Each structure stands twice: as C-alpha cells, then as structure tokens.
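Some notes on the structure that comes next.
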Amino acid sequence: MPELPEVETLKRQLQEVIIGQQVRAVKVFDPKLSVAERFPKGKVLQIGRRGKILEFIFEDGQRVWLSLRMTGRLLWGNEVSEHRRLTLVFSEGNLHLIDPRRFAALSFPQKELAPLGVNPLEGAPPSFFEGLRRYRRPIKSFLMDQRFVAGIGNIYASEILYAAQIHPLRPLSRLSQEEWDQIMMSAREILTEAIRYRGTTISDWRDLYGRPGEYQKRLKVYGREGEPCPRCGTSIRRIMVAGRGTYFCPRCQN
DNA sequence: CCCTATGTTCCCAA
DNA sequence: CTTGGGAACATAGG
C-alpha cells in the first residue's frame, strides 16, 4: 500500500489537476464507502497530506481524509477499470478510487484529532529521542508506528534501517543518540528519493495517471531475500517483526 | 490447500 | 503501561 512517498506523489499530482475545481457529483460503488455520500460538493481549495493520509480541503473549510490502506489508488480519467469503489465527478474530469481489497477508508474529521508522529521529511526535534528511552520495542516496529513517526510503512522501514546500518530488532532503548540521528537522516534521504521516483510499485501502486513508480528498481533489501547485499555481498535475510516481513543484511546491520 | 501482500484496529495475554 | 501475537477486514497471486 501507499506509504509516504506514494501519497505525496498523489498529493502533488492532485494539486496540478483539481485545485479550484468543484465536486459536481459522487458515485459510490461499494457499500462500505456509503459515508462518501456526504462528500462536500464545493470547490477544492487545497490538497494536504498527514503521514499516509490524503486530505482534501474545501473552500468552506470542510475536510475529508482518505486513507488508502493496502491497495487503494486514485486514478484521473474516463476509463472505467476493475475494482472501482468511488468516483468524484469534477467539472473537468473524473477522479476514481480503485481498491481491490476494499480497505480504503474515508472520514470527515470534526476537529484536529488523531495525534500524528513526527514528519520524517523534516526530522524530529532534538528532544524527541530523549522521551523514548523507556521503550524496548524493536526499532522497526517503532518506525512504523504512526503515533510516533508519520508515513513510514513496511517497505521503507527495511530500506531506511539498511541505509542506517541498524538491525531491525534493535531495541529502541539501546540506540544511541547518534544512531537515532542516523536513522532520521536516512529516512529523509530515502523518502525524498522515493518521491522523486514516484514511489515503489511492487504490485498495486500506480500514480494518478496509472503509471507505475520507479523506486522498486532502487530497493536495496526489500523483497530481496537470498540476494547479495549491495554493500558486502552477504545474503539478505528475511525475518518477521511485529508480524511483517522484514529484510536486512545480517552483516552490515547491528 | 498453503503462504504472502505497500495498513489499521481490536482483543487478549504476558 | 508496554508489547506482541493473532485475528479481522477482503482480494489476488504465486
């Protein structure tokens, strides 16, 4: 599913296409998304992103949050493809929500709730790491916890820890400040690079125009079990961390 | 039939 | 309170 770089790609493309346009009609094809009937019919003022959540901001101040979950995608255009769950009819075109597994969710936030973690593109404030000493959970599961760090998912967590040369099972409480800083720096570099390549297409991800991303060609460890580490040649390993497939180099990452 | 899958949430147990 | 495991959601592919 879309992580930060994929959602950011959609956000930027939507800004080019629907800012200033008015939602004329909403067609709902999945009863799970019947809440979409309440979609504001006004003019879209801005598109935002909070971690992996896409935010539509309307002229009158109303907001809609879209969480794409595992297989959700947005498609601009006329062609009716498989797995269409929702269509927003704009003055100058149609925006379709495509979602094979039907996990995507819409919400209409009443106020500022759902405290989100730090933005890994900006980095954490200097004091952030100080408050984390008590957590002994593996660094990888921490990086993916949206309450602490917003936007990192399963693919980029493995890639970030590989770049930072930190073992995914290392307890947070046993990281030094320098190692934490290194992880945050790697996160920024990798996510920024992934945005530049319009995200990672392993199976479902496509951008607003249906094109696959390019970052999958640059993945160093994710999905590469048994292949040689690009740094030292050791065979990449796969383990389960918090129930998710996790890839790392047993020699480079400690 | 088995396992896996870019996510989130909830229940339960240690 | 912390953490992880498992299940659930629902569908497709190897």
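Below, read A as the first sequence line, B as the second, and so on, with proteins coming before strands; counting in each chain starts at 1. Computed from a predicted model, the values in this text were never measured in an experiment.
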Going by the angle between their ring planes, with limits at 30° and 60°, are A:Y247 and A:Y222 parallel, tilted or perpendicular? perpendicular
Can you tell me which nucleotide in C:dT3, C:dA10, C:dT11 comes closest to the side chain of A:P138? C:dT3
Under the criterion side chain to side chain donor-acceptor pair (under 3.5 Å), I'd like the reasoning laid out for A:T192 against A:R188: C-alpha separation, chi angles, the key distance, then a yes or no. CA-CA 6 Å; A:T192 302; A:R188 190 199 304 221; over 6 Å; no
Can you figure out which of C:dT11, B:dT8, C:dT2 approaches the side chain of A:Y135 most closely? C:dT2
Nearest-Å distance, CG (A:D145) to C1' (B:dG7)? 13 Å
Is it possible for you to check whether A:R231 lies under 6.0 Å from the centre of the six-membered ring of A:Y162, through NZ or CZ, and within 45° of that ring's axis? yes
A:H83 side chain near C:dA10 phosphate (N/O to OP1/OP2, under 4.0 Å): no
Just the rounded figure in Å: distance from C1' of C:dA10 to CG of A:L68. 16 Å
What nucleic acid atoms does A:G199 come within less than 4.0 Å of, heavy atoms only: base, sugar-phosphate, or nothing? nothing
Compare the minimum distances between each of C:dG4, B:dA5, C:dT2 and the side chain of A:R134, then state the nucleotide with the smallest one. C:dT2
At less than 4.0 Å, is any side-chain N or O atom of A:R238 found next to OP1 or OP2 of B:dA5? Yes or no. yes
In whole Å, I'd like the distance from the CE atom of A:M144 to the P atom of B:dA5. 11 Å
Specify the separation, in whole Å, of atom CZ of A:R244 and atom C1' of C:dA7. 14 Å
Of the listed B:dA5, C:dG4, B:dT8, the closest approach to the A:K52 side chain comes from B:dT8
Length of the line joining A:D99:CG and B:dT8:C1', which is rounded to integer Å: 13 Å
For the residue pair A:Q165 and A:N254, confirm or rule out a side-chain donor-acceptor distance under 3.5 Å. no
Can you check the distance between C:dA8 and B:dC1, where both ends of the measurement are the P atom (answer in whole Å)? 16 Å
Looking only at N and O atoms, is any donor in the side chain of A:R101 or the base of C:dA12 less than 3.5 Å from an acceptor on the other one? no
Evaluate the salt bridge (charged side-chain N to carboxylate O under 4.0 Å, His left out) criterion for residues A:E3 and A:K52: first the C-alpha distance (whole Å), next the side-chain angles of each, then the deciding distance (0.1 Å), finally the verdict. CA-CA 6 Å; A:E3 303 182 34; A:K52 305 175 191 174; 5.6 Å; no
Check the side chains of A:N154 and A:K140 for a donor-acceptor pair under 3.5 angstrom, ignoring hydrogens and angles. yes
Could you please name the option among C:dT11, C:dT3, C:dC9 that lies closest to any side-chain atom of A:R85? C:dT11
Between the base of C:dA10 and the side chain of A:R102, is there a donor and acceptor pair under 3.5 angstrom? no
Any carboxylate oxygen within less than 4.0 angstrom of a Lys/Arg side-chain nitrogen, looking at A:E16 and A:R12? no
Would you mind classifying the nucleic acid contact of A:Y156 as base, sugar-phosphate or nothing, using non-hydrogen atoms under 4.0 angstrom? nothing
To the nearest Å, how far apart are A:D204 CG and C:dG14 P? 12 Å
With a centroid cutoff of 5.5 Å and a plane-angle limit of 30°, would you call A:F103 stacked on B:dG7? yes
Looking only at the side chain of A:R137 (C-beta and beyond, no hydrogens), which of the listed nucleotides B:dG7, B:dT4, C:dT3 gets closest? C:dT3
Kindly say if A:T71 contacts the phosphate of C:dT11, meaning a side-chain N or O under 4.0 Å from OP1 or OP2. no
Watson-Crick or G-U pairs under 3.5 Å in DNA chain C, rendered as dot-bracket with [ ] for crossing pairs and | for another strand: .||||||||.||||
Can you tell me how far P of B:dC10 sits from CD of A:Q146, to the nearest Å? 15 Å
Ring-plane angle category for A:F39 and A:F108, please: parallel below 30°, perpendicular beyond 60°, tilted otherwise. perpendicular
Please give, in whole Å, the distance from C:dA10 P to A:E82 CD? 18 Å
